[in-house]
Asker: 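First, the structure itself, so that you have it in front of you.
Any value given below was found using the heavy atoms of this structure, including those in side chains, with hydrogens, waters and symmetry copies removed. So that the names make sense, note that chain A is the first sequence line, chain B the second, and so on, each numbered from 1.
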Amino acid sequence: MLQMIVSGIALGAIYGLIALGIVMVFKATGILNFAHGEAAMLSAFMAYTLMVSGLPIWAVVLLTLLFGAALGMVIERFIIRRFIGKALLSSAICTLGLFLVFGDLAIWIWGKDTQELPSLFPNAPIDIGGVIVSGQDLGVVLVCAILAAVLFGFFRFTRLGIAMQATMENPVAARLMGIPIKRIYALAWGISHVIAAIAGLLIAPMTFVHFSMMQHALHFAFAAAVLGGIGSMPGALLGGVIIGVSSNLTGAYVSSAWKDAVPFIVMLAILILRPQGLLARKHIKKV
Amino acid sequence: FENKAQGISANEIVLGSSQPMTGTLAYMGKAVDEGIRTYFDIVNQQGGVHGRTIKLITYDDELKPAKSVANAKLLVERDKVLGMIGNIGHATNISAYSYSSTKGVPTIGALSISDLTSSPPREMLYVLPSPQSTETAAYIDYAVQELKAKKIAMLYQNDGWGKPAYDIAVKQLDSHGMQLVEAQSFERFATDLTSQVFKLKESQPDVVVVYALGQEAVQFFRAAEKLGWTPTVFGAGGLNDPKFVELLGNTPSQLYVASYYDAVEGDNPAIQSFFEHYKKLYPNSAPSSTALMGYSAAAVAVEALERAGPEPSREKVIAALNGMTEFDQKIGPAITFQALDAGPYSRRGQTGIALMQLKDQKFTPLGSGYIDPVQR
Amino acid sequence: MANGFEPTATAPGTALLTVDQLSAGYGKIRALHGISLTVQAAQIVCVLGANGAGKTTLMRALSGLLPVSEGTACFDGQSIANVPTETLVRRGIVHVPQGRMVFAQLSVRENLVLGGFTRPAREVREHIDHVLDYFPRLKERIGSRAGTLSGGEQQMLAIARGLLAKPRLLMLDEPSMGVAPIMKDSIFAALREIRDRERLTLLIVEQDADIALDIADEGYVIETGRVVMQGLASALAGNEDIRRAYLGG
Amino acid sequence: MSVIEQHQSPALSAAAGAAPLLSLSGVRMEFGGIVAVNDVSFDVMPGTVHALIGPNGAGKTTTLNCISRFYTPQQGRMLLRTASGVHDLLAHKAHQIARLGVARTFQNLELFSDLTVFDNVLIARSQAMQATLAEVLLRLPRQRREERQEHARTEQILQTLGLSAHAHSVVRDLPYGTQKLVELARAMALEPTLMLLDEPAAGMNNREIEQLGQTLKQLQQATGATLLLIEHSMPLVMTISDMITVMHNGAFLAQGTPREIESHPAVIEAYLGGGKSGKRI
Amino acid sequence: MKRIFDSKPWLAPLVFVLLLVLAPLFSGGYVLYIVTLVLIYTLASFGTNILTGYTNLISMAGAVFFGVGAYGSAILTSHGMPLVLAILIAASIATVVGLLLALPVLRLEEVFLAIATLGFVMVSMELVKSGGDFTGGENGMGVNGPTLLGFELGEHAFHLFVAAVLGVALWFARNLSQSRFGRGFLAIKGSETAARALGLNTTSLKLVAFGVCAFYTGLSGALYAPLVRFIDPSLFNIMVSISFVSMVIVGGLGSIMGSVLGAIFVIGAPQLLTYFGFDQFQRALYGVAMILALMFLPDGLASLLKRKTVAGADVPHKEGL
Ligand SMILES: Nc1ncnc2c1ncn2[C@@H]1O[C@H](COP(=O)(O)OP(=O)(O)OP(=O)(O)O)[C@@H](O)[C@H]1O
Ligand SMILES: Nc1ncnc2c1ncn2[C@@H]1O[C@H](COP(=O)(O)OP(=O)(O)OP(=O)(O)O)[C@@H](O)[C@H]1O
Ligand SMILES: CC(C)C[C@H](N)C(=O)O
Ligand SMILES: [Mg+2]
Ligand SMILES: [Mg+2]
């Protein structure tokens with residue numbers, strides 16, 4: 001039981017890690033990015049290429065994060081910018097187009113084979129009172145928690161973070177405040193793709209690097225983001241953990257066939273009770 | 001002689017294929033496609049069949065039935081292929097066949113190990129690789145009889161490939177008066193198998209049957225390692241693949257897999273020369289048992305065309321296939337198609353599998369030859 | 001300076017904003033047909049006109065929200081036509097829009113902080129306390145989310161937020177909308193006071209002609225996108241014919 | 001009689017020999033510690049224009065939201081007397097309130113801004129349509145008849161308010177003042193017995209306000225509807241109201257006729273002030 | 001002059017649809033199959049449009065309705081029920097499923113609704129997989145070819161049959177959009193608050209929207225099964241739901257013509273790419289086309305046929321200037 005919960009948390013942190021990037025970009029630009037997982041996948045491939053070229057680990061990590069930032073900004077500059085202030089759905093479907101493009105792009109560049117990326121953390125299992133965790137698991141949980149805390153602080157306490165939320169709520173009013181919304185958009189996409197790159201680096205050792213490595217996790221990441229309130233960073237992590245743990249417990253005690261479905265039932269039940277998600281404030285509409 | 005409506009021109013014969021070239025099974029579609037093309041290239045270089053070279057047109061179906069029907073129509077109506085070859089998958093084959101059969105177009109070598117693809121037998125649907133009922137039953141028999149396993153557990157992919165394997169395993173164990181001590185499933189591309197592996201380990205099995213491919217299979221072994229467990233594993237046939245071994249690296253666990261053909265890295269001369277050519281054509285692709293499926297389909301097609309004579313037609317090809325008994329494809333069991341009413345395996349080209357064991361990062365045959373519990 | 005204001009460079013009596021034959025509109029629809037107006041530094045100019053006259057459109061064009069199709073607009077000697085809004089804010093032109101546009105999901109304080117987005121954060125923090133003195137009601141609700149404020153409270157917030165940018169030219173689109181009479185008087189009094197003290201220049205669109213002309217130095221009346229009347233505020237207010245023809249009441 | 005004593009309005013209405021159309025007693029609405037409406041009671045007599053005024057944040061809109069059941073007050077009773085009897089508003093949902101004959105407008109404009117003026121008003125006529133889903137799908141006679149009738153009725157309403165010229169403009173593109181008028185038209189289209197108007201004159205100039213006042217008066221005379229009006233425009237409030245209730249800090253402050261309220265010291269202090277804006281013109 | 005429920009601009013789309021129906025009859029085969037498939041998906045596109053384009057409810061449950069329709073007609077016809085009846089019953093079952101699923105989630109908005117409904121897809125996929133012989137489990141099931149009054153329908157006949165169903169459905173959709181229901185949907189999209197203040201029972205209107213969507217999508221699935229002749233749990237795939245929503249967005253929100261164009265784009269374009277030999281990077285090309293379409297035609301393909309858009313339903317929801 002305890003083992004299941006602990007490894008559920010590790011699994012949840014993976015979902016949370018992807019969810020953080022999704023929430024980040026949603027909170028700042030109001031866009032639901034279906035291609036986020038694919039961006040993480042591209043970053044993982046990038047890291048793989050850098051790795052086999054023999055660069056030291058730290059350089060690989062650094063370059064991959066840079067790659068993520070560049071990727072996000074390029075997407076923003078050439079595509080997303082046109083969707084500022086537009087309806088939620090058209091931009092979301094547009095990112096779906098990106099999803100398809102990235103998938104084929106990866107195949108085109110790196111082929112259809114599965115590759116391996118070594119873990120950034122010692123992979124040796126650690127036995128803590130009968131509960132076994134790997135260094136990899138611990139690392140993911142730690143990084144995810146730190147990222148969530150940093151992003152939380154950013155949005156809550158920095159003027160830039162507040163400006164991002166204002167931009168999402170009303171781009172016109174934001175401009176009237178002198179907020180350069182295009183730069184805000186670029187920045188938000190850049191940061192969110194750095195998070196995607198981090199996710200790619202951390203998840204790849206578990207799922208391996210291949211063109212559809214993120215597709216399974218993406219559903220759960222979205223569920224985690226929404227469960228947390230798609231506006232709250234700790235919420236994304238908490239959502240991920242709930243999804244991960246409920247999935248693991250279902251697998252262990254109900255039926256492994258329902259491992260993927262039950263977390264969604266849990267999410268549904270929570271949303272029915274709390275339609276705005278766990279940690280987000282209710283959207284205000286006063287008449 | 002020409003019959004353009006059936007894809008036969010003076011010096012060329014056109015065949016068509018519908019494969020998952022994108023989506024989750026894209027790597028299989030690609031390997032099969034390349035396998036077929038390699039074999040044809042070899043044949044074409046030697047002058048083709050009755051003076052005609054063979055051309056292959058492949059379309060992507062993403063393993064979706066609706067698309068495979070569309071592809072079948074496109075191949076038959078626009079590209080005017082003589083027949084279809086090497087289509088992967090059960091659903092895709094059945095739906096495409098529901099159309100192609102109405103046009104009298106044979107599927108020369110459907111690549112599906114699902115028993116349902118050949119049972120009930122369909123007149124023009126010639127399925128090649130050994131069925132799951134052979135493979136899984138062979139595992140159970142070997143584990144019980146040779147390894148004297150008392151407790152057998154299973155992990156399977158929760159879909160039309162893994163679940164039937166589970167059903168067969170249950171049935172076969174039942175015939176030994178046994179039951180699975182634990183059964184766990186997972187979804188394709190699952191991120192994490194820890195909970196499944198944990199449950200499996202807890203049941204303390206002597207043998208675990210694992211129906212997982214590629215990265216999930218590796219994940220299984222990694223998770224087992226993490227939990228300090230070194231199980232004896234029977235892995236799905238698809239694992240017989242150097243790429244998988246490369247990913248897996250060294251493992252303390254015992255791994256047996258079924259192979260429909262001789263070992264990819266073994267000393268079968270046909271396989272060796274095939275992959276020599278393959279590497280020339282596709283330097284970026286690793287040799288794999290999946291590519292051998294393409295070989296098998298292509299070999300059967302070439303043989304059928306040979307037998308159909310210099311003035312071939314769909315009817316003649318069908319007749320040739322119907323009469324194909326004990327055709328030696330040179331890489332594995334001989335191919336036989338029986339009369340349509342001969343039973344559930346009448347349209348199943350081969351039914352035997354070889355058991356192999358992972359040793360020193362290589363799959364080597366156990367030496368027991370091809371096992372065939374189906375015994376048609 | 002303790003209150004966050006610094007004297008502006010422009011001397012009184014020089015034109016801070018000069019608009020000449022400006023046209024703008026929405027897509028193919030033209031809403032402004034060659035508007036000309038001048039605002040002197042530290043002056044209060046009000047723009048009056050019936051509903052649909054183009055007052056809001058004028059403000060949007062001047063703040064860069066709408067493209068200018070013809071004519072020129074100069075602020076402090078530099079053209080401001082078709083310059084991005086965010087640049088204009090940095091140059092000191094701030095537009096408090098009609099309909100408030102407060103950030104409903106953010107707190108009152110966060111709204112105010114964003115009002116001073118282009119300024120050093122520390123300066124803004126001090127300035128907030130100062131501006132809140134004019135709006136005691138907002139002070140009470142400083143931590144509430146702006147969306148929960150009453151209509152009039154939101155209007156106050158919008159004005160306060162505008163002031164926090166420390167503009168040289170503040171453009172207010174119907175600042176008194178939804179504001180209670182007593183508050184309305186005090187807002188206008190405050191605006192005049194700030195003008196006097198900080199030499200703030202104000203361009204105000206207002207429906208309540210009486211109060212607007214009362215605080216303004218000069219007034220413009222526009223109708224269907226054209227200036228039909230202009231002059232000293234006192235003159236406009238005193239002229240019965242004008243009142244009857246354009247201002248009602 | 002002092003203004004404060006008039007607060008005992010049931011007595012007043014009894015004296016006048018008529019029952020109140022709307023009667024609020026002890027209504028309290030709190031939002032997580034902020035008391036927006038605090039024990040407010042007043043009656044609205046049928047056929048009157050009843051104004052509700054008070055400083056910003058006094059709780060006027062919140063009171064209106066309670067009546068139209070967008071909010072559920074924590075305490076108090078709200079009764080509506082119609083031809084079919086006395087209804088406890090707390091037992092109704094927002095959309096049912098409209099069906100009791102209570103229409104409202106919104107302070108911050110709640111228009112269907114992507115639709116045309118015509119459609120905004122036509123939507124308000126939905127209640128007058130009875131055709132079932134089946135009749136609609138098959139375009140049976142009743143559906144066709146109703147559509148014809150209500151299109152005509154909509155045109156008529158637009159004409160009454162002088163909106164015909166804008167009928168086919170998309171609301172979003174209209175100037176603010178016109179949008180306010182569209183909201184009024186939409187509320188009128190419900191043919192209500194009680195109209196709750198939240199600052200209908202905001203964004204209008206003096207002349208337009210004057211016109212609005214006339215329109216409202218005419219409307220009331222023509223339909224016999226009762227108006228509960230929230231406004232900050234004293235020229236409007238003081239000229240068309242029969243009765244004025246004043247709120248302050250969520251609580252009842254005073255009630256009386258325009259003349260009484262105008263000179264009520266507490267109202268002057270809290271709301272009207274000494275300046276120009278508080279004067280009727 | 002935009003005018004919503006105007007019945008005149010129906011002529012051009014009608015001609016267009018007729019062309020779509022009749023043209024492939026002369027070629028048959030592949031083209032016919034693709035067009036039939038597009039017509040079938042158009043039904044789902046209609047349904048999604050009513051829910052998402054008109055009512056602004058973003059549902060990802062489309063795959064559930066589609067799958068229920070497909071399995072319903074497959075199972076019923078396999079037990080000997082006549083096709084027409086089986087299709088109607090299957091679509092009705094889908095409707096009931098739609099209403100039941102809608103009930104608990106009506107309170108949710110936008111992304112929350114989308115992801116919650118996505119959960120339904122995950123759950124129903126599992127249910128179908130564990131359906132045993134009834135659904136064929138993971139293996140899926142073969143489906144009987146279409147028959148009418150005991151006669152087998154050839155591909156041409158079935159195409160006409162689908163076209164006829166679509167014609168009726170189109171007429172219904174138009175009637176619905178020009179009624180208090182259609183306007184009620186738009187009202188909810190515009191402002192749920194105002195809709196309630198005007199006496200519209202938004203809960204029941206949303207249910208109607210869900211029901212209609214489920215019926216149309218179920219109908220679509222019910223016709224899909226006999227055409228493709230094979231169904232399996234992969235129908236309950238999130239990508240199926242997403243493709244329905246894509247059709248509506250790419251085609252044009254709230255535009256009935258947009259639904260048709262969207263279905264052509266989403267279902268037809270990839271096939272077209274294959275047809276013209278671009279099967280190599282078909283998904284990428286299609287993705288690029290999708291991105292470009294959305295970037296340059298933000299109101300959907302329907303804005304190419306300008307006047308046919310239902311005004312208002314196609315304008316983005318967010319606060320503009
Ligand atoms: N977004 C828009 N699209 C098209 N036309 C518009 C738009 N906004 C305003 N208009 C038109 O421009 C003209 C001027 O409108 P504007 O909003 O500037 O008037 P206004 O003087 O501010 O009125 P009000 O006093 O009501 O605020 C009007 O005819 C209006 O219909
Ligand atoms: N949903 C809410 N959450 C928190 N506070 C609220 C909410 N709604 C209203 N309030 C508070 O209750 C008080 C009364 O608000 P209300 O909108 O009723 O005022 P009002 O009298 O209509 O003012 P105005 O004349 O400015 O429109 C205000 O201080 C407001 O901030
Ligand atoms: C070719 C096989 C290994 C897999 C394939 N999906 C099947 O149906 O059997
Ligand atoms: Mg205006
Ligand atoms: Mg109010």
Asker: What closest approach, in Å, do Gly178(A) and Phe117(C) show between heavy atoms, and which atom pair accounts for it?
Answerer: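 Gly178(A) and Phe117(C) have their closest heavy atoms at O-CD2, 3.7 Å.
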
Asker: When only pairs under 4.5 Å are counted, which of Ala174(A), Ala166(A), Gly231(A) shares the most heavy-atom pairs with chain C?
Answerer: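 Option with the top pair count is Ala166(A).
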
Asker: Which answer fits Ala165(C), side chain, backbone, both or neither, if we ask what part of it has an atom under 4.5 Å from a heavy atom of chain A?
Answerer: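 For Ala165(C), no heavy atom lies under 4.5 Å from chain A.
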
Asker: If you check every heavy atom in residues 151-160 of chain A against those of chain C, which residues fall under 4.5 Å?
Answerer: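 Hits under 4.5 Å: Arg156(A), Arg159(A).
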
Asker: Output the distance between atom NE2 (His95(C)) and atom CZ (Arg175(A)), rounded to the nearest 0.5 Å.
Answerer: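 CZ of Arg175(A) is found 12.0 Å from NE2 of His95(C).
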
Asker: What is the minimum heavy-atom distance between Val102(C) and Glu169(A), and which atoms define it?
Answerer: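 Here Val102(C) and Glu169(A) meet closest at O-OE2, 3.8 Å.
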
Asker: Hey, is CZ on Arg30(C) packed in by over 12 heavy atoms from elsewhere, all under 6.0 Å?
Answerer: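 Yes.
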
Asker: Considering non-hydrogen atoms only, spot the tightest contact between Arg90(C) and Pro180(A) and give its length.
Answerer: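 Looking at all heavy atoms of both residues, the closest pair is NH2-CD, 4.5 Å.
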
Asker: Side chains of Ile162(A) and Leu114(C): closer than 4.5 Å at any heavy-atom pair?
Answerer: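 Answer yes - side chains close enough.
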
Asker: Can you measure from OG1 (Thr118(C)) to CE (Met177(A)) and round to the nearest 0.5 angstrom?
Answerer: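 Result: 10.0 Å between the selected atoms.
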
Asker: Identify which part of Arg100(C) has an atom lying under 4.5 Å from any heavy atom of chain A, answering side chain, backbone, both or neither.
Answerer: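 Arg100(C) has no heavy atom closer than 4.5 Å to chain A.
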
Asker: Under the salt bridge (charged side-chain N to carboxylate O under 4.0 Å, His left out) definition, can you give me all pairs with a residue in residues 137-151 of chain C, not counting sequence neighbours?
Answerer: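 For residues 137-151 of chain C, and leaving out neighbouring residues, the salt bridge (charged side-chain N to carboxylate O under 4.0 Å, His left out) pairs sorted by first residue read Asp133(C)-Lys139(C), Arg137(C)-Glu140(C), Arg137(C)-Glu153(C).
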
Asker: What are the two closest non-hydrogen atoms of Asn170(A) and Phe103(C), and how far apart are they?
Answerer: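 Closest approach of Asn170(A) to Phe103(C), heavy atoms only: O-CE2, 3.7 Å.
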
Asker: What's the separation between atom CD in Gln165(A) and atom CD in Gln105(C), rounded to the nearest 0.5 Å?
Answerer: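 If we round to the nearest 0.5 Å, Gln165(A):CD and Gln105(C):CD are 10.0 Å apart.
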
Asker: Which residue is it: Val94(C), Leu88(C), Leu65(C)? I am looking for the one with a side-chain contact (heavy atoms from CB on, under 4.5 Å) to Leu176(A).
Answerer: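 It is Leu65(C); the other options fail the test.
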
Asker: When rounded to the nearest 0.5 angstrom, what distance separates CD in Glu86(C) from CD1 in Ile179(A)?
Answerer: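 Going from CD on Glu86(C) over to CD1 on Ile179(A), the span is 9.5 Å.
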
Asker: If we only count heavy atoms from C-beta on, is the Val172(A) to Thr85(C) side-chain gap below 4.5 Å?
Answerer: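 A side-chain contact is absent here, since even the closest heavy-atom pair is not under 4.5 Å.
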
